[in-house]
Amino acid sequence: MIYREYGKTGVKLSVIGFGGMRFENSEDIETNASLVQSAYKAGINYFDTAPLYGNSEDIFGAAFKEMKKHRAEKPFYVSTKTNRENPSEARADLETSLQRMDLDYIDFYHVWCILRPDIYQRRKQNGILTALEKFQQEGLIKHICVSTHMTGADIENMLQDYPFDGILLGYSVMNFAYRELGIEAAHRLKRGVVVMNPLGGGIIPQHAERFDFARTQQAESVVEAALRFLINDERMTVALVGMGNQDHLKEAVRAADGFHPIPSGKIFRIRNRLKDGFNELCTGCRYCDDCPQGIPIPQLMDVYNHLLLNPDSFAIRLSLHWGLSLEEDYAARCTECGQCEENCTQQLPICDRLKKIREQVEHHLASQQK
Ligand code: SF4
Ligand code: SF4
């Protein structure tokens, strides 16, 4: 395992972090706790969860019981979050997280889900940052961090406005261009950088053949290649991999253990190829999932990904995978209020894509009637 220092904190973290949001069967606390413990044994020391990730904090709590016996000689670090708008609710969140995981403190506590600058300003004005400073003085949290889906310049402004110890943001071979400025700013300001969605929300392993060009070693998988592309970037501290099972864990650990620096010429070629072809994909983060017209946007944008990556499968994806009706005209229901596009972490033209999906569905239905 490779370890890197998180900003200016002096804490050394494994370049692969354990993301606790994608457990295969989150009801099975015992199996998942054992997966967390396997990660710890393999050298992973950063464990990320959140109060709204199903049973994730309970799973971590179960795993930590055993891991705490070894913590003095083999440290591990816990990250969780609050998206609350007022200090008393944030305290309630923190106390619940501590109690669920049976911890005395949280190492990296995040102001969660800053989608836009006005949301950051509102939380700040509501006293969230002052509240976190108080939690820190009480010894309940060690480091104050932020989790965001904003673009580069807005990230830089926020990091200059408040001395967060580090930042959590979505970054992968698929969307690196979109967040490049933010990563650069965080690095320059000496903040820790934890990357979520390093596998594009599952798109990269699902479309391995399309990302084959990202491979730089003969025997590596596309997942290993995508993670190594990130590990190669020394501005990044941790790539947070959502672990569902032991196979995911083994592949992520292999990516770090078998890492060799990638020559800059190869990185340049990969970046150019990706920039041209893959910067427009939905990562399934669901921040748009609150349409006043009840349109299932994340599902439909996933269908659009399939239109881009594997056009033959889009109708099956829409009807069989998501159970949506081919007859339903979602584009016609859309009032173009703009809410989803404003919240979209990838800044996708959602309204336009709804129309394109409709065109394709009509084409598909007409071809079936012939
Ligand atoms: S623009 Fe259309 S799809 Fe987006 S939230 Fe508004 S009505 Fe829904
Ligand atoms: S459309 Fe945008 S906000 Fe919605 S799930 Fe996809 S990437 Fe996320």
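Positions are given from 1, in the same order as the sequence printed here. The figures here come from the full heavy-atom set of this structure, side chains too, leaving out hydrogens, waters and symmetry mates. One-based numbering, in listed order, for ligands and for the atoms of each.
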- [ ] Verify the distance criterion only: is there a donor paired with an acceptor across the side chains of Ser97 and Glu57 at less than 3.5 Å?
- [x] yes
Task: N/O/S from Cys337 sitting under 2.8 Å away from atom 6 (Fe) of ligand 1 - done: yes
Open item on the list: Testing Tyr46, Phe76, Phe64 one by one against Tyr40 for a ring-ring contact (aromatic ring centres under 6.0 Å, His included), which residue passes?
Closed with: Phe76
Open item on the list: Out of all atoms in ligand 1, which are within 4.0 Å of some heavy atom of Pro292? Include the element for each.
Closed with: 5 (S)
TODO: Just jot down the ligand 1 atoms closer than 4.0 angstrom to any heavy atom of Gly338, in number order.
DONE: 1 (S), 6 (Fe)
Task: Ionic contact status for Glu336 with Lys355, cut-off 4.0 Å - done: yes
TODO: Considering only non-hydrogen protein atoms, determine which one is nearest to atom 1 (S) of ligand 2 and report residue, atom name and distance to 0.1 Å.
DONE: Met301 CG, 3.5 Å
- [ ] Considering only non-hydrogen protein atoms, determine which one is nearest to atom 2 (Fe) of ligand 1 and report residue, atom name and distance to 0.1 Å.
- [x] Cys334 SG, 2.4 Å
Open item on the list: Heavy atoms only: which of Thr335, Ile297, Ile350, Leu300 lies closest to atom 7 (S) of ligand 1?
Closed with: Thr335
TODO: For residues Phe60 and Thr80, determine if any side-chain heavy atom of one lies less than 4.5 Å from a side-chain heavy atom of the other.
DONE: no
Open item on the list: Taking 4.0 angstrom as the limit and counting only heavy atoms of Gln346, give me the atoms of ligand 2 inside it, by number and element.
Closed with: 7 (S)
- [ ] Provide, to 0.1 Å, the distance between atom 8 (Fe) of ligand 2 and the closest protein heavy atom, together with that atom's residue and name.
- [x] Cys285 SG, 2.4 Å
TODO: Determine whether the side chain, the backbone, both or neither of Glu336 has a heavy atom under 4.0 Å from any heavy atom of ligand 1.
DONE: backbone
Open item on the list: Please determine whether a side-chain nitrogen of the Lys or Arg among Asp107 and Arg71 lies less than 4.0 Å from a carboxylate oxygen of the Asp or Glu.
Closed with: yes
Task: Per-atom contacts of ligand 1 with Gln293, taking only distances under 4.0 Å to non-hydrogen atoms - done: 7 (S)
TODO: Might you work through the ring pair (Phe, Tyr, Trp, His ring centres under 6.0 Å) test for Phe108 and Tyr6, ending with a clear yes or no?
DONE: CA-CA 10 Å; Phe108 298 95; Tyr6 184 88; 4.5 Å; yes
Task: Side-chain touch Met1/Val15, heavy atoms, less than 4.5 angstrom - done: yes
TODO: Look only at the side chain of Asn305 and the backbone of Cys282, and say whether a donor-acceptor pair between them is shorter than 3.5 Å.
DONE: yes
Task: Residues Lys356, Asp352: salt bridge by 4.0 Å N-O rule - done: yes
Open item on the list: Looking at Lys81 and Asp93, is there a salt bridge between them, counting it only when a charged N and a carboxylate O are closer than 4.0 Å?
Closed with: no
Task: Per-atom contacts, ligand 1 versus Cys351 - under 4.0 Å to a heavy atom - done: 1 (S)
Task: Closest protein heavy atom to atom 6 (Fe) of ligand 2, given as residue, atom name and distance to 0.1 Å - done: Cys282 SG, 2.3 Å
TODO: Among all protein heavy atoms, pick out the one at the shortest distance from atom 4 (Fe) of ligand 1; state its residue, atom name and that distance to 0.1 Å.
DONE: Cys340 SG, 2.3 Å
TODO: Give the residue, atom name and distance (to 0.1 Å) of the protein heavy atom nearest atom 3 (S) of ligand 2.
DONE: Cys344 CA, 3.4 Å
Task: Which residue and heavy atom of the protein sit nearest atom 5 (S) of ligand 2, plus the separation - done: Arg286 N, 3.2 Å
